[in-house]
Colleague: 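Handing you a structure now.
Remember, it's 1-based here, ligands and their atoms both numbered in the order they're listed. Side chains are part of it too, since the values below use all heavy atoms of this structure and drop only hydrogens, waters and symmetry mates.
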Amino acid sequence: MIEVLRLGHRLPRDCRISTHCCLVARAFGADKIFYSGQKDKEMEDVVKKTVKNFGGLFEIEYINDDVKFLREKKENGFKVIHLTMYGENYNIFRKKKENYLIIIGGSKVSGIFYKESDFNISIGKQPHSEVGALAVFLYYLDLKMNFDNEKIKILESKNGKYLKIKR
Ligand code: SAM
């Protein structure tokens, strides 16, 4: 199980970037995204609609207390990986058959997440974004993708936009 925790969602400021975190998590093979901060029904609806149209079993859930949540995940055997530019380079990380919780920040990330995570991992030594960091790290994990039961399938094309739509 590969899960993502997006910290501190702020309305309206983070609407677009948090939605992109969700879509990237789904598209690159995570099973579920949790988010803390402010609850955002509109973002949840966009994610659910994407799953309905493009398939798979990806889920989204709001959580109130992200520190308690991290501790519970560890008690339940998850390895926690916090993505931060201050961490160790991602190529030191060797994937095992384990459950992972991948944490991405937004505004200032509390020191607790650095201390309590099993790994603090950087995607290069430059500041960029939670969307970029998550995409690269999930791609590096080389996860199995499952987008079964899609209504809309995108067809590869050199020069157009083609979809196969199930009625
Ligand atoms: N000032 C924040 C802090 O205290 O960590 C960083 C803000 S940054 C815009 C938002 C998030 O993007 C970070 O919390 C981290 O998850 C991710 N991020 C940005 N650059 C990164 C990098 N080079 N490697 C890994 N993650 C990165």
Colleague: Taking the basic N atoms (NZ, or NE/NH1/NH2) and the acidic carboxylate oxygens, is any pair closer than 4.0 Å for Lys73 and Glu3?
Modeller: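 Yes, this pair counts.
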
Colleague: Tell me: protein heavy atom nearest atom 10 (C) of ligand 1, and distance?
Modeller: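 Answer, as residue, atom name and distance: Glu130 OE1, 3.2 Å.
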
Colleague: Looking only at protein heavy atoms, which one is nearest to atom 1 (N) of ligand 1, and how far off is it?
Modeller: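 The closest heavy atom on the protein side is Lys108 CA, 4.6 Å.
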
Colleague: Given that the side chain starts at C-beta and the backbone is N, CA, C, O, which of these parts of Gln126 lies under 4.0 Å from ligand 1, counting heavy atoms, or is it both or neither?
Modeller: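 The answer is the backbone of Gln126.
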
Colleague: What protein heavy atom lies closest to atom 20 (N) of ligand 1? Include the residue and the distance to one decimal.
Modeller: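 Nearest neighbour among protein heavy atoms for atom 20 (N) of ligand 1, to 0.1 Å: His128 N, 3.1 Å.
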
Colleague: Is the contact between Thr84 and ligand 1 made by the side chain, the backbone, both, or neither, using heavy atoms and a 4.0 Å cut-off?
Modeller: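 The answer is the backbone.
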
Colleague: In the protein, which heavy atom is nearest to atom 2 (C) of ligand 1, and how far is it?
Modeller: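 The closest heavy atom on the protein side is Ser107 O, 4.2 Å.
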
Colleague: Looking only at heavy atoms, what is the nearest atom pair of Phe28 and Leu143, with distance?
Modeller: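 Scanning both residues completely, I find the closest heavy atoms to be O-CD1, 3.5 Å.
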
Colleague: If we count only N and O atoms by modelled type, under 3.5 Å, do the side chains of Tyr35 and Glu44 hold a donor and an acceptor together?
Modeller: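 A pair is found: one side chain offers a donor N or O, the other an acceptor, under 3.5 Å apart.
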
Colleague: For ligand 1, find out whether one of its N or O atoms is nearer than 3.5 Å to an N or O atom of His82.
Modeller: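 Between His82 and ligand 1, no N or O pair is found under 3.5 Å apart.
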
Colleague: Report yes or no: does Phe113 have a heavy atom closer than 4.0 Å to ligand 1?
Modeller: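 No.
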
Colleague: Does either side chain, that of Asp14 or that of His9, offer a donor lying less than 3.5 Å from an acceptor on the other one?
Modeller: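 Distance-only check fails for Asp14 and His9.
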
Colleague: Are the side chain of Tyr62 and the backbone N or O of Gly37 linked by a donor-acceptor pair below 3.5 Å?
Modeller: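 Yes: the side chain of Tyr62 pairs with the backbone of Gly37.
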
Colleague: Of all the non-hydrogen atoms in the protein, which one sits nearest to atom 13 (C) of ligand 1, and at what distance?
Modeller: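 Here the closest protein heavy atom is Gly105 N, 4.0 Å.
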
Colleague: Does Lys41 come within less than 4.0 Å of Asp45, counting only side-chain N to carboxylate O?
Modeller: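 Asp45 and Lys41: salt-bridged.
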
Colleague: Provide, to 0.1 Å, the distance between atom 27 (C) of ligand 1 and the closest protein heavy atom, together with that atom's residue and name.
Modeller: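 Sorting protein heavy atoms by distance from atom 27 (C) of ligand 1 puts Ala133 CB, 3.7 Å first.
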
Colleague: Ring-plane angle category for Phe93 and Phe119, please: parallel below 30°, perpendicular beyond 60°, tilted otherwise.
Modeller: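 Aromatic pair Phe93/Phe119 classed perpendicular.
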
Colleague: If you measure from atom 7 (C) of ligand 1 to every heavy atom of Pro127, Gly106, Ser122, Gly111, which option wins on shortest distance?
Modeller: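 Comparing heavy atoms across Pro127, Gly106, Ser122, Gly111, the nearest one to atom 7 (C) of ligand 1 lies in Gly106.
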
Colleague: Looking only at protein heavy atoms, which one is nearest to atom 16 (O) of ligand 1, and how far off is it?
Modeller: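 Nearest protein contact, heavy atoms only, for atom 16 (O) of ligand 1 is Leu83 O, 2.6 Å.
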
Colleague: In terms of atom number and element, which parts of ligand 1 are under 4.0 angstrom from non-hydrogen atoms of Gly124?
Modeller: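 Every atom of ligand 1 under 4.0 Å from some heavy atom of Gly124: 23 (N).
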
Colleague: Considering only the protein, which heavy-atom contact is closest to atom 4 (O) of ligand 1, and what is its distance?
Modeller: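 Residue, atom and distance for the closest contact: Val109 N, 3.5 Å.
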
